[in-house]
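Within every chain, numbering begins at 1; the chains are lettered A, B, ... in the order of the sequence lines, protein sequences first and strands thereafter. These numbers come from the heavy atoms of this one structure, side chains and all, not from hydrogens, waters or symmetry mates.
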2 protein chains.
Amino acid sequence: MTARTSTDNARDIPEATVARLPVYLRALVGLAEAGTATCSSEELAAAAGVNSAKLRKDLSHLGSYGTRGVGYDVEYLRYQIAREIGVTQDWPVVIVGIGNLGHALANYSGFRSRGFRVVALLDADPERHDELVAGIDVRPFDDLEEIVEDQGVAIGVIATPAIAAQDVADRMVAAGVTSILNFAPTVLSVPDGVDVRKVDLSIELQILAYHVQRKAGGTVADDFDRLHDEEVTA
Amino acid sequence: MTARTSTDNARDIPEATVARLPVYLRALVGLAEAGTATCSSEELAAAAGVNSAKLRKDLSHLGSYGTRGVGYDVEYLRYQIAREIGVTQDWPVVIVGIGNLGHALANYSGFRSRGFRVVALLDADPERHDELVAGIDVRPFDDLEEIVEDQGVAIGVIATPAIAAQDVADRMVAAGVTSILNFAPTVLSVPDGVDVRKVDLSIELQILAYHVQRKAGGTVADDFDRLHDEEVTA
DNA sequence: CTTTGTGAAACACTTCACAGCA
DNA sequence: TGCTGTGAAGTGTTTCACAAAG
C-alpha cells in the first residue's frame with residue numbers, strides 16, 4: 001500500500017516481541033554504560049529479566065545481528081533495536097491534563113533520553129494556564145489542533161480525569177494523533193488504525209491483590225495472622 | 001497444601017483472564033451507577049472494550065453467574081468478581097519514593113474506592129520527612145519493617161529512582177511484602193513466590209513509537225509531510 | 001427465541017534442543 | 001569448542017459455533 005523507503009527485512013514482528021524490545025534496549029544502554037563491548041544472549045537476557053531462548057527468538061525477528069561463538073556487539077545491537085523501534089530520532093509528544101500525574105509525567109526525565117520530546121502541556125482549566133511545569137508553560141486545551149499540526153505530533157498522552165478522557169481522545173484523533181497513551185481509568189473508543197495503550201494503576205494493584213489472596217489461600221485476616229506466626233516459606 | 005476456607009470452585013484462573021477481571025469490575029460499577037440492573041455479555045463486553053465471546057469465556061472460569069436468555073445481574077456479578085479478585089476488603093499498601101510520581105500516586109483517589117488503603121509514604125530523603133502528602137505524613141524509609149509488620153502490608157509500591165529500586169525491593173521482601181508494583185525503570189530480581197508488576201512509561205511510549213513508524217511506513221519526516229497532505233484514511 | 005457456557009479449532013507465544021557457523 | 005539462529009514441540013489464549021437452559 002504505502003511505498004516503503006527502508007530496507008524491507010523484518011516485517012510483522014510479533015506483538016509480544018515488540019513489547020520487549022524497549023526492555024532489551026534499556027539493558028543494552030546499561031551494559032554500554034558499564035563499558036561492556038560484547039555480550040552473550042545469556043548475559044543480555046539476564047540484564048533484561050527474560051530467558052536466553054526468548055531473547056534469541058525475539059532478536060531473530062529483526063535480523064541476524066549476533067556472531068556465533070561470540071555474542072552480540074552491544075553498540076551495534078543497541079542501534080539496530082533503536083532503529084527498529086523508531087527511537088533514533090525524537091518523537092514530539094503532547095500531554096493533556098496537568099494534574100498530579102501530568103506534573104509527574106512532564107517532569108519525567110526518561111522522556112528526553114529515550115527518544116521523546118514533550119512539545120506541549122495542555123489543560124482545560126484556565127487556572128492552570130501559563131503555569132510553568134518542567135520549563136514548559138501550560139496552554140489551553142483548545143490549542144491542541146494547532147500544536148499537533150505545527151509540530152507533527154503523532155503521540156498523545158491523556159492524564160485527565162476519566163470523565164474527560166474520551167473527549168480528549170476524540171479531539172486528538174481528529175487533529176491527527178495516531179497513538180495514545182491513556183492514564184485515565186476508562187475504556188477509550190477510537191477508530192481503526194489508532195493505537196491506544198492503557199496504564200491503569202488500580203488495575204495493576206487488583207491483579208496483585210488477586211495473587212496475594214491466592215498465595216495466602218484464605219481471607220485477609222487469616223493471611224495477616226499466618227504471616228505473623230512464622231516466616232514466609234518459599 | 002494450605003487448607004482452603006472458601007468454597008473450592010474456580011481454581012487456576014488463566015493469567016490473561018485475571019488481568020481483565022478488574023476491567024470488568026470497573027465496567028460493572030459504571031453500569032450499576034447508571035442504574036442498570038441486568039446486562040448481557042454483549043453489553044458488558046462493549047463497556048469493557050472486549051468481545052463478548054472472550055468475556056463469557058473469562059467469566060466461565062469463575063463459575064456460572066449468568067442466566068441463559070437473560071444475562072447477568074450487575075450487582076451480583078460485581079460482587080462475585082470483587083470477591084474473586086479479593087477487593088471486598090481493603091488492602092493496606094505502602095508507597096516508597098515520594099517524588100513527583102509518589103505524590104501523584106498518593107493523591108490518586110482510585111485507591112480508596114477500589115480496595116486499597118495507603119497506610120504509609122516512605123522516603124529516604126530527610127528533607128521530605130513530616131511533609132504532609134494527601135493527608136499522610138512522609139516517614140523515613142527505615143520505618144518500613146515496622147509498618148509492614150504492624151499493618152500486615154502485603155503490597156508495596158516502588159516510585160523511587162531506578163538506582164534505589166532493587167534495595168527497596170529487597171527490604172520490602174525481607175519485611176514480608178509479597179507483591180510489588182514497580183514504577184522504577186529497572187528490572188527487579190526477587191525470590192520465587194514474590195510477584196512484581198512493572199509500569200514503565202517510556203516502554204509504553206516506545207511500543208507506540210514502533211507502531212506509529214510502522215503505520216507511516218517510512219521516516220518521521222516522510223510521515224510528517226504525508227500527514228499534512230490529506231486526512232488520515234482508516 | 002434469546003443468551004449463556006463450553007468443547008473444539010485456530011492462533012499466538014514460549015521453550016526445547018540442536019544444526020550450523022565462527 | 002562456544003554460542004547463535006531456528007525448526008519443532010509444547011503451552012497458553014482467542015475465536016468459533018452451537019448445545020443446553022431459561
Exercise for review: Shoot me the first and last contacting nucleotide of DNA chain D against chain B, ordered 5' to 3', at under 4.0 angstrom to non-hydrogen atoms.
Suggested key: D:dT13 to D:dG22

Study note, to complete from the structure: Here the salt bridge (charged side-chain N to carboxylate O under 4.0 Å, His left out) pairs for residues 24-44 of chain B, sequence neighbours left out, are A:D200-B:R26

Spacing of [X] atom [atom1] relative to [N] atom [atom2], expressed in whole Å:
X	N	atom1	atom2	value
A:D12	C:dA12	CG	C1'	12 Å
B:K54	C:dT6	NZ	P	19 Å
A:I13	C:dC13	CD1	C1'	15 Å
A:L55	C:dT14	CG	P	12 Å

Review point. Taking only N and O in the side chain of A:N51, is any of them less than 4.0 Å away from OP1 or OP2 of C:dT14?
Key: no

Does the side chain of [X] reach to within under 4.5 Å of the side chain of [Y], using non-hydrogen atoms?
X	Y	value
B:I207	A:P22	yes
B:I180	B:D195	no
A:L25	A:I85	yes
B:L77	B:L59	yes

Check your understanding: What's the spacing between B:Q89 CD and B:R117 CZ if we round to 0.5 Å?
Key -> 11.0 Å

Review point. How long is the span from the CG atom in B:L105 to the CG atom in A:L101, to the nearest 0.5 Å?
Key: 8.0 Å

I'd like a list of close polar pairs between nucleotides 1-5 of chain C and the protein, N/O only, cut-off under 3.5 Å.
from: C:dT3; atom 1: O4'; to: B:G69; atom 2: N; distance (Å): 3.1
from: C:dT3; atom 1: O2; to: B:G69; atom 2: N; distance (Å): 3.3
from: C:dT4; atom 1: OP1; to: B:S41; atom 2: N; distance (Å): 2.4
from: C:dT4; atom 1: OP1; to: B:S41; atom 2: OG; distance (Å): 3.4
from: C:dT4; atom 1: OP2; to: B:S41; atom 2: OG; distance (Å): 2.6
from: C:dT4; atom 1: O2; to: B:R68; atom 2: NH1; distance (Å): 2.9
from: C:dG5; atom 1: OP1; to: B:S64; atom 2: OG; distance (Å): 3.1
from: C:dG5; atom 1: OP1; to: B:Y65; atom 2: N; distance (Å): 3.3
from: C:dG5; atom 1: OP1; to: B:G66; atom 2: N; distance (Å): 2.9
from: C:dG5; atom 1: OP2; to: B:Y72; atom 2: OH; distance (Å): 2.7
from: C:dG5; atom 1: O4'; to: B:R68; atom 2: NH2; distance (Å): 3.1
from: C:dG5; atom 1: N7; to: B:R56; atom 2: NE; distance (Å): 2.8
from: C:dG5; atom 1: O6; to: B:R56; atom 2: NH2; distance (Å): 3.1

Check your understanding: Would a line drawn from the ring center of A:Y65 to the ring center of A:Y76 be shorter than 6.0 Å?
Key -> yes

